[in-house]
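What follows is a set of notes on a single structure, which appears directly below.
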Amino acid sequence: MTHHLDDPVTVLPGVGPKLAGRLDDAFGIATLRDLLEHYPRRYHDAGAVLDLGEVEEGAPATLLGEVLEWSTRRIPPKGARARPLDLAEGRVRQASGAVFTVTFFNQRWRPATLPAGTVAAFSGTVKRFRSDLQLTSPDVQTLGTVAAGTDATSAAARLDHQRLLAVYPAVEGLPSFKLNELVGAALELLPAIDDWLPAPLREGQGLRDLDGALRAIHLPEDHADRHAARRRLAFDELFSLQLGLQWRRARLEAGTVGLDNSPVEGGWAARFLAELPFGLTGAQARALAELGRDLGGSRPMHRLLQGDVGSGKTVVAAWTMLAAVDRGRQAALMVPTEVLAEQHHRTLTELLAPLGVNVLDGLRVAALTSSTPVTQRRRILSELLTGELDLIVGTHALLEEGVRFADLGVVVIDEQHRFGVSQRVQLKEKAGTGGTGEVAGAATAPDVLVMTATPIPRSLALTLYGDLDVTVLDELPPGREPITTQLITPAEAYRRPRLEAFLRTEVAQGRRAYVVCPFVEESEVLPGKGAVQEHRRLAREVFPELDVALVHGRLSAADKDAAMTAFRTGAAQVLVSTTVIEVGVDVPEATLMVIEDAERFGLSQLHQLRGRVGRGGGRSFCVLFAGWSAELTEEAGARLHAVADTTDGFALAEADLRLRGAGQLFGSAQSGLPDLRLARLQEDVDLVADTRRLATEVVARDPELSAPEHQSLREEVLRRYEGGLEAFTALETG
Ligand code: ADP
Ligand code: MG
């Protein structure tokens, strides 16, 4: 009977229902495939010190061998030692035939766990005792047993040869060596494993075959062997994911064609650029070139625009929306909150003012949220339907019943991660037909631009937003003064009064300062400053001559508003707050950001908080107090130093990914981040980009993955992601 990867583990010799149950409980391993995808956590490199002749006395070493025999004896009390010692001495033979001794004190159980015939790795410090080499109380890893009747020397030789020993994630009762054994048995049982990658593709990428890779990841010949195996298996994870995402995009777009929304010479978009009081940054110019190609393309645009706060995304968005107006269509800007809707509406109106807004021959711009008064709302809806309104800014209210466009050409969505794929689809359905609803029998779809100010490492963006093309604004407009960031630990306590003196000088020059605390109130539960207490301390003891305002989430809206207004107008010069000021606050005179108990904040949070200063052109400062209420962990130290070392949001996002891993960074459940076992988004940036490009090429040629040569690709994607990936299920409901 030939076995298959999908067979249950019980087909393995010695695996009954009990062991199968334990494998399932501990690791979710039910099939041989699950077992083989339980990849080693690391490799025990026993290579360098195999030969007894090479062992250096006094140096740590790992020796492999077969246990020959044990002797035990009791050493009577002597001198200061009041109790007798139990000594167990084992003789172990290496493949070369050389023999060494392992000794254990007061471990009378040892011989029973390592009976003669056991092959094991012993790690410890080598000592010479008379002519004998000894390891005293070594770490032991049992590797297997030399079966009766087999040649012990050759079994040990096989293990010796296996200088890289896989070490598996293990639990009590299922030690790593048990997994070595099971994996070995599975590999022996299985015939050559079919490769889902077509040979030309595999060879084009210089990848090894699947069967060889699966065997080598568990039983590598050497480091090069396991690296090649890992690369192939990581490729599979990323390529199947990218294929799935591109395939899904193809299905979303099936039967639709893009509108020609490319800007018209001398039109609104062109005049907008000509009237800008500044030149575009290089990054903005590159973005417009990319977007211009998308807008005129035959496929609808699906692009993600990433850029740190202040990188100038609004200019890019405005230009894109005007391109639609150039073609007689409408554009919508969708944002997650009412506050942001108001803010964008204001900014957009100012930015477009030179072209004329809401005047007879100008652009018609409006905002729609759930608090838009009824009469106004009615007028806006009617103007959207007749096509009188050119641009609309709004919240989810834009998705409500009754909102219909005459001819929606461009949709811009701010802050992608709060909108799901299905909302993108929903908005498209409201697009109306205009004069262009059908082209050669296919429905038309508006161009979609998604913007985010959360810097995401490129590899992660390409994975999370696999169905979006990505443009990055990686350059700030000129003339921004960098923000100086400093870290102050209790070891430099003298710097606190200095900082207070510095704050006074800044305020004396008309500037303002934020002081951010991790908590509203101090508590017994978690050590750290409370905004309420810190406000009292600063207002009464430290800066009695200044006006210190307080804002936190437990205040009423009116009190919050009053505090913010006082700070904005300068009536208060210092604002003590919690993280409520993280988004949407813009006070150009603020030049100093003090963060108390900074270790309590995440990396991107610190970056966002720091972004509150440095908006007015002058020099700005960010001071991180850390380690004052609790010992700094190594991870926290690394995080704070990363923030202090750079103001580049993308570099920080990379650091965050490195420090915390992708899953934690976004919370894999909410982001739909797939379960990547071997691929590492941080290290495998090239692999991410390569697999994405390949997947795009395959799907461009065969959008349904229906060609015979793509049958295995289709099956692999469905096998891995059927129902598993949020993005895929959204396709069915969207
Ligand atoms: P974002 O939306 O990416 O946070 P904005 O579009 O709000 O950034 O731009 C931040 C500020 O920089 C705005 O005041 C904007 O007018 C200005 N700005 C944008 N592009 C440029 C540029 N190329 N040169 C100078 N200033 C610019
Ligand atoms: Mg287009």
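Count residues from 1 along the sequence. In listed order, ligands and their atoms are each counted from 1.
Short contacts between ligand 1 and Thr281, defined as distances under 4.0 Å to a heavy atom of the residue, involve ligand atoms 23 (N). Residue contact check: Asp308 has heavy atoms under 4.0 Å from atoms 3 (O) of ligand 1. Ligand 1 places these atoms under 4.0 Å from at least one heavy atom of Leu280: 23 (N). Of all atoms in ligand 1, listed by their number and element, those nearer than 4.0 Å to a heavy atom of Gln284 are 19 (C), 20 (N), 22 (C), 23 (N).
Nearest to atom 2 (O) of ligand 1 among the protein's heavy atoms is Thr314 OG1, 3.1 Å. The nearest protein atom to atom 4 (O) of ligand 1, hydrogens excluded, is given as Gly310 N, 2.7 Å; this is a heavy-atom distance. For atom 18 (N) of ligand 1, the closest heavy atom belonging to the protein is Phe278 CZ, 3.6 Å. The protein non-hydrogen atom at the shortest distance from atom 12 (O) of ligand 1 is Arg480 NH2, 2.9 Å.
Under the 4.0 Å criterion applied to side-chain N and carboxylate O atoms, Glu589 and Arg511 are not assigned as salt-bridge partners. Between Arg693 and Asp690 there is a salt bridge, since a side-chain N of the basic residue sits under 4.0 Å from a carboxylate O of the acidic one. Looking at Glu400 and Arg377, a side-chain N of the basic residue comes within less than 4.0 Å of a carboxylate O on the acidic one, giving a salt bridge. With respect to Arg639 and Glu635, a salt bridge is recorded, a charged nitrogen being found less than 4.0 Å from a carboxylate O. Using a 4.0 Å cut-off between charged nitrogen and carboxylate oxygen, Glu534 and Lys529 count as a salt-bridge pair. Under 4.0 Å is where a charged nitrogen must lie from a carboxylate oxygen, and between Asp407 and Arg329 at least one such pair does. Salt-bridge annotation for Asp474 and Arg286: present, with a side-chain N of the basic residue lying under 4.0 Å from a carboxylate O of the acidic one.
In this structure, atom 21 (C) of ligand 1 is in close contact with the protein, since a protein heavy atom lies within 4.0 Å of it.
In this structure, Asp559 contributes its side chain and Leu555 its backbone to no donor-acceptor pair below 3.5 Å.
The shell of residues lying under 4.0 angstrom from ligand 1, judged by heavy atoms, excludes Ala317. Distances from ligand 1 to the non-hydrogen atoms of Thr347 include no value under 4.0 Å.
Note on ring orientation: taking the six-membered ring where Trp is involved, the planes of Phe502 and Phe621 are perpendicular (angle over 60°, cut-offs 30° and 60°).
The option with the heavy atom closest to atom 9 (O) of ligand 1, from among Gly312, Gly307, Pro277, Ala285, is Gly312.
Between Gly279 and ligand 1, a contact under 3.5 Å exists for at least one N or O pair.
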